[in-house]
Protein chains: 2
Amino acid sequence: MRLTTKGRYAVTAMLDLALHTQDGPISLACISDRQGISLSYLEQLFSKLKKSLLVMSIRGPGGGYQLNAQASSISVAQIIDAVNESIDATNCGGSGDCQQGDFCLTHHLWTDLSEQIHNFLNGITLADLVKRKDIAFIAMRQDNTQDLNFRQNVN
Amino acid sequence: MRLTTKGRYAVTAMLDLALHTQDGPISLACISDRQGISLSYLEQLFSKLKKSLLVMSIRGPGGGYQLNAQASSISVAQIIDAVNESIDATNCGGSGDCQQGDFCLTHHLWTDLSEQIHNFLNGITLADLVKRKDIAFIAMRQDNTQDLNFRQNVN
DNA sequence: CTAATACTTGACTAAAATACTAGGTTTATA
DNA sequence: TATAAACCTAGTATTTTAGTCAAGTATTAG
């Protein structure tokens with residue numbers, strides 16, 4: 001489990017989709033504008049997201065992307081896994097025979113931790129994040145009158 | 001909160017220290033051998049770990065590094081924060097006025113998630129990982145007879 | 001005191017990942 | 001048919017990662 005800006009972009013873009021499920025297909029150009037991510041980079045990311053069956057696409061004018069499942073059944077871990085190819089943290093390729101003792105031990109402790117992080121992020125869905133936004137967002141901004149109507153459309 | 005190989009190296013090295021607290025100061029050369037991390041890269045990492053007061057160093061022959069606190073009061077989050085300079089996930093620098101509405105919203109949802117991850121890793125200490133190793137390690141390897149004695153010295 | 005050991009610092013480099021650019025081709029809508 | 005969008009490919013600039021090298025400084029065993 002890696003957690004880089006790449007994963008952040010992917011989660012951000014997926015959140016954008018989740019917030020606009022009722023607007024029909026969302027074009028990448030639209031997400032690019034809203035989230036400040038370059039169009040072509042989004043294309044790369046969505047190519048992977050589609051391969052992982054997290055989104056579906058509709059081509060042609062008026063087309064775009066949609067979540068391929070309920071926001072409540074798409075976890076943050078799934079999104080991050082989709083765009084970050086997984087790495088092998090051990091030097092022995094996981095076989096556990098790298099050098100007898102310590103060497104292997106610390107590697108294993110790391111992979112154990114890594115798994116815990118993964119499980120943690122697997123328990124957080126897009127729906128969780130979207131649900132939480134009302135409190136969080138209002139607490140963050142003072143001048144939010146025009147956003148209130150908008151926010152009610154979502155989810 | 002970023003989670004890269006850099007952070008993994010740092011946590012691995014700190015785990016190595018935690019496993020050898022009773023052996024006196026541990027030289028970086030020793031960690032380099034055991035964990036397969038280049039000496040000079042370790043020097044860079046430990047320079048940051050020391051600045052963050054997570055380790056202390058003893059110079060001269062027989063010197064090396066030691067944890068600067070109980071393993072039970074050093075969290076994984078602290079270690080990762082020490083070596084990864086923090087990034088600003090928002091485009092507005094956190095002021096919350098980047099573009100009205102969505103743009104800010106998804107950024108905030110991300111930082112909210114990021115904080116959750118941070119809290120999670122803040123709850124996991126080196127001692128937790130070391131404690132867990134007995135079960136985990138034995139489960140992983142079959143031929144662990146000679147390691148058993150060794151393991152009893154630790155912690 | 002001297003020499004060995006070990007940490008400190010900074011500059012530098014190679015390789016990988018990241019983020020983006022450019023230029024296309026399909027596909028489907030209107 | 002014109003257009004908007006996905007989709008594809010290749011290339012590239014930037015940043016990060018990971019490591020090297022070299023010239024130090026501090027400490028202490030002998």
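Lettering follows sequence order; numbering is per chain, from 1.
Nearest nucleotide to the side chain of Leu28(B), out of dG19(D), dT18(C), dC7(C): dC7(C). Considering only the side chain of Asn84(A), dT18(C) comes nearest among dT18(C), dT16(D), dC20(C). Side chain of Thr4(A), nearest nucleotide from dT18(C), dC7(D), dT8(C): dT18(C). Counting only heavy atoms from C-beta on, Tyr9(A) has its side chain closest to dA19(C) among dT21(C), dC7(C), dA19(C).
The side chain of Arg2(B) places an N or O atom within less than 4.0 Å of a non-bridging phosphate oxygen (OP1 or OP2) of dT17(D). Within the structure, every side-chain polar atom (N or O) of Lys50(B) is placed at least 4.0 Å from both OP1 and OP2 of dC7(C). Applying the 4.0 Å criterion to OP1 and OP2 of dA19(C), one finds that Ser40(A) has every side-chain N and O outside that range. Between Tyr41(B) and the phosphate of dC21(D), there is no side-chain N or O to OP1/OP2 separation shorter than 4.0 Å.
Rounded to an integer number of Å, the gap from Gln44(A) CD to dC20(C) C1' is 8 Å. Counting to the nearest Å, the P atom of dA6(D) and the OH atom of Tyr65(A) are 6 Å from each other. Spacing between atom CG of Leu42(A) and atom P of dC20(C) amounts to 9 Å, rounded to whole angstrom units. As a whole-Å value, the separation of Gln66(A) CD from dA5(D) P is 14 Å. In this structure, CZ of Arg8(B) is placed 15 Å from P of dA16(C), rounded to the nearest angstrom. Leu45(A) places its CG atom 9 Å from the C1' atom of dA19(C), with the value rounded to the nearest Å. Between Lys51(A) atom NZ and dC7(D) atom C1' there is a gap of 11 Å when expressed in whole angstrom units. Atom CD of Gln35(B) and atom P of dG19(D) are 13 Å apart (whole Å).
Remark on DNA chain C: of its neighbouring residues Pro61(A) and Ser47(B), the 5'-side contact belongs to Ser47(B), judged by nearest-heavy-atom nucleotide.
Leu39(A) comes within contact range of no nucleotide atom at all, as no heavy-atom separation falls under 4.0 Å. Backbone-only contact: Ser38(B) has heavy atoms under 4.0 Å from sugar-phosphate atoms and none from a base. Among the atoms of the strands shown, none is found under 4.0 Å from any heavy atom of Phe46(A).
Contact of Glu43(B) with dC7(C) (side chain to base): no donor-acceptor pair of N or O atoms is detected under 3.5 Å.
By the 4.5 Å heavy-atom criterion applied to side chains, Ile26(B) and Gln66(B) are not counted as neighbours. Residues Leu3(A) and Leu121(A) are in side-chain contact: their nearest non-hydrogen atoms beyond the backbone lie under 4.5 Å apart.
Looking only at distances, no side-chain donor or acceptor of Gln35(A) sits under 3.5 Å from a matching main-chain atom of Ser32(A). Between the Asn68(A) side chain and the Leu53(A) main chain, a donor and an acceptor come within less than 3.5 Å of each other. Between the side chain of Asp128(B) and the main chain of Thr125(B), a donor-acceptor pair closer than 3.5 Å is present.
When the shell of 6.0 Å around CD of Glu43(B) is examined, it contains more than 12 heavy atoms from other residues, nucleotides or ligands.
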